[in-house]
Each structure stands twice: as C-alpha cells, then as structure tokens.
Amino acid sequence: MSLSEIKSRIAKAEKAAGRAPGSTELIAVSKLQPDERVEAVLDEGHRLFGENRVQEAAGKWPAFREQFPDTKVHLIGPLQTNKARQAMELFDAIHTLDRPKLAKTIARLADELGHCPELFIQINTGEEAQKAGVLPTEADAFIAETRALGLPLSGLMCIPPVEEEPSLHFALLARIAARNDLKGLSMGMSGDFERAIALGATHIRVGSAIFGERNY
Ligand SMILES: *Cc1c(COP(=O)(O)O)cnc(C)c1O
C-alpha cells in the first residue's frame, strides 16, 4: 500500500470519529526495511519514523538525517538502561519507558545532556508475562513517579495481545491516560490503526502496510 493510501485511510478514520484532520501522527516503522524503501518514503516527504532497536537506528539514521535534516525518529522497542544515553542522543521520543530504574537513569542523563526526548510509558494492557510494560493497576503510581522526577511525559503506549480485539486495549489505555491528564496515545499498527484512531490515538505506528513485509 502506498503512503498516500495510508494517509487517506487516516483522514477517513479521523473524520468518522469526529476528530480534527491531521490530529493523528503517522510513525512510519522502518525497522528491518531495506534503505531503498525508507529513502523512497523520505523522498515522498514523510519525516516521522519509528525504530525498535537502538543499534539498528544508530546504523541508518545519522546518514539519512544529513540528507533530510528535519526528520524525527521515535524509539518504539524495549530500551536497556545501558543504552539509555545513546537512545537519548538519537531519538526524538521514547515510547517504551516501563520501569523505575529506567526513569531514574533517563532523569539523570537529561540533567547531564540538557535535553530529554518526549516520553511515553508503555502499559502492558493484556497483562502478558512475556511483554514489557507497566501493569494497568500500577500505571497511576508509575506515572506519578515519572512526573516527580521532572520528566517530560507525553502519554501512554500499548501493544495489544495478538489474539484479542485491540479496541478493548485501546479503550483501556485511553481511560488510564484521561484520568492522569495525559494527551498522548501511541496505539494502532498496520492491522488496526483505524480502530485506534476511533479511540483517540494521537500516534499510530505503521510498518508493513507502508513498506511491505520485513526482512527477518
Ligand atoms: C513493528 C512494530 C510496529 C509496526 O507493526 P506493523 O504491523 O508492521 O505495522 C508497531 N509497533 C511496534 C511496537 C512494533 O514493534
């Protein structure tokens, strides 16, 4: 599917939900995609991308950014504490803040570096043992803890369980955000972004629908 088709589906979903046109940010997830495909999307004028791994992003984005300086890149995959500094130097936003130790490390580095990416807290809405994220019951406390550290918290992020109706998870994420006065909702991927927009997504993360299948 082309970028323009995805954009028209987004516009349609915003309209159907009674939302302002352009109120959803499209993060083009470029992980494991060949450089030619990424460059084609940059050539079409798109400037917001998502990557899962610090190492992979460090290998490709500095060069692309020289060519396209206004490009923003968001980290949407898990972050180890020992990669936090590199991540903060590389990314404009981190969607996967999920534990106190990482929050404290980011706060210390933010002081040292004098800047901090936008932050989203990942919530494990499906309470899956193998998945990262804060449990829904622990979300309010962790949000308060993050704010007490002075960190720039933009919103929440979730990845619903593959076998479940994602809308239930999107709605839960939206409720947790609303009761904590958070505006940002990073939710929705290739298969379900219209449902995420219907439930208030501000950032959708779309990979294969834009770029095609990934090279694993
Ligand atoms: C890979 C990935 C995506 C994109 O998935 P698609 O199904 O290709 O759109 C979105 N979010 C996260 C966290 C991912 O890891």
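The basis for the numbers below is simple: all heavy atoms, side chains too, and nothing from hydrogens, waters or symmetry mates. Note that ligands are numbered from 1 as they come in the structure, with each ligand's atoms numbered from 1 the same way. Bear in mind the structure is a predicted one, so any value in this text is a computation, not a measurement.
- Thr105 places a side-chain N or O within 3.5 Å of a backbone atom of Lys101 that can act as its donor or acceptor partner.
- The protein heavy-atom contact nearest to atom 10 (C) of ligand 1 is Met189 SD, 3.3 Å.
- Annotation for Met157 and Arg205: closest pair CG-NH1, 3.4 Å, computed over non-hydrogen atoms.
- Counting heavy atoms under 4.0 Å from ligand 1, residue Arg214 touches it through the side chain alone.
- Less than 4.0 angstrom separates some heavy atom of Ile159 from each of these atoms of ligand 1: 13 (C).
- Between Glu165 and Arg195, at least one side-chain N (NZ, or NE/NH1/NH2) sits under 4.0 Å from a carboxylate O, which counts as a salt bridge.
- The nearest protein atom to atom 12 (C) of ligand 1, hydrogens excluded, is given as Ile76 CD1, 3.5 Å; this is a heavy-atom distance.
- A centroid separation of 6.0 Å or more is found between the aromatic rings of His74 and Phe120.
- Near Val206, with a cut-off below 4.0 Å to any heavy atom, the atoms of ligand 1 are 9 (O).
- Contact atoms of ligand 1 toward Ser208: 6 (P), 7 (O), 8 (O), 9 (O) (distance under 4.0 Å to a heavy atom of the residue).
- Applying the 4.0 Å criterion to heavy atoms of Arg205 picks out, from ligand 1, the atoms 4 (C), 9 (O), 10 (C), 11 (N), 12 (C), 13 (C).
- In the vicinity of Asn52, heavy-atom distances shorter than 4.0 Å reach the ligand 1 atoms 14 (C), 15 (O).
- Geometrically, ligand 1 and Gly207 share a nitrogen or oxygen pair separated by less than 3.5 Å.
- Here the heavy atom of the protein found nearest to atom 6 (P) of ligand 1 is Ser190 OG, 3.4 Å.
- In this structure, His46 and Phe49 have perpendicular ring planes: the angle between them is above 60°, well past the 30° mark.
- Shown here for Ser186 and His95, the closest heavy-atom pair between the two residues is OG-ND1, 2.8 Å.
- Classification of Asp92 and Arg65 as a salt-bridged pair holds, one side-chain N sitting under 4.0 Å from a carboxylate O.
- Residue, atom and distance of the protein heavy atom nearest to atom 14 (C) of ligand 1 are Lys31 NZ, 3.0 Å.
- Remark: the backbone N or O of Glu56 is not paired with any side-chain donor or acceptor of Lys31 at under 3.5 angstrom.
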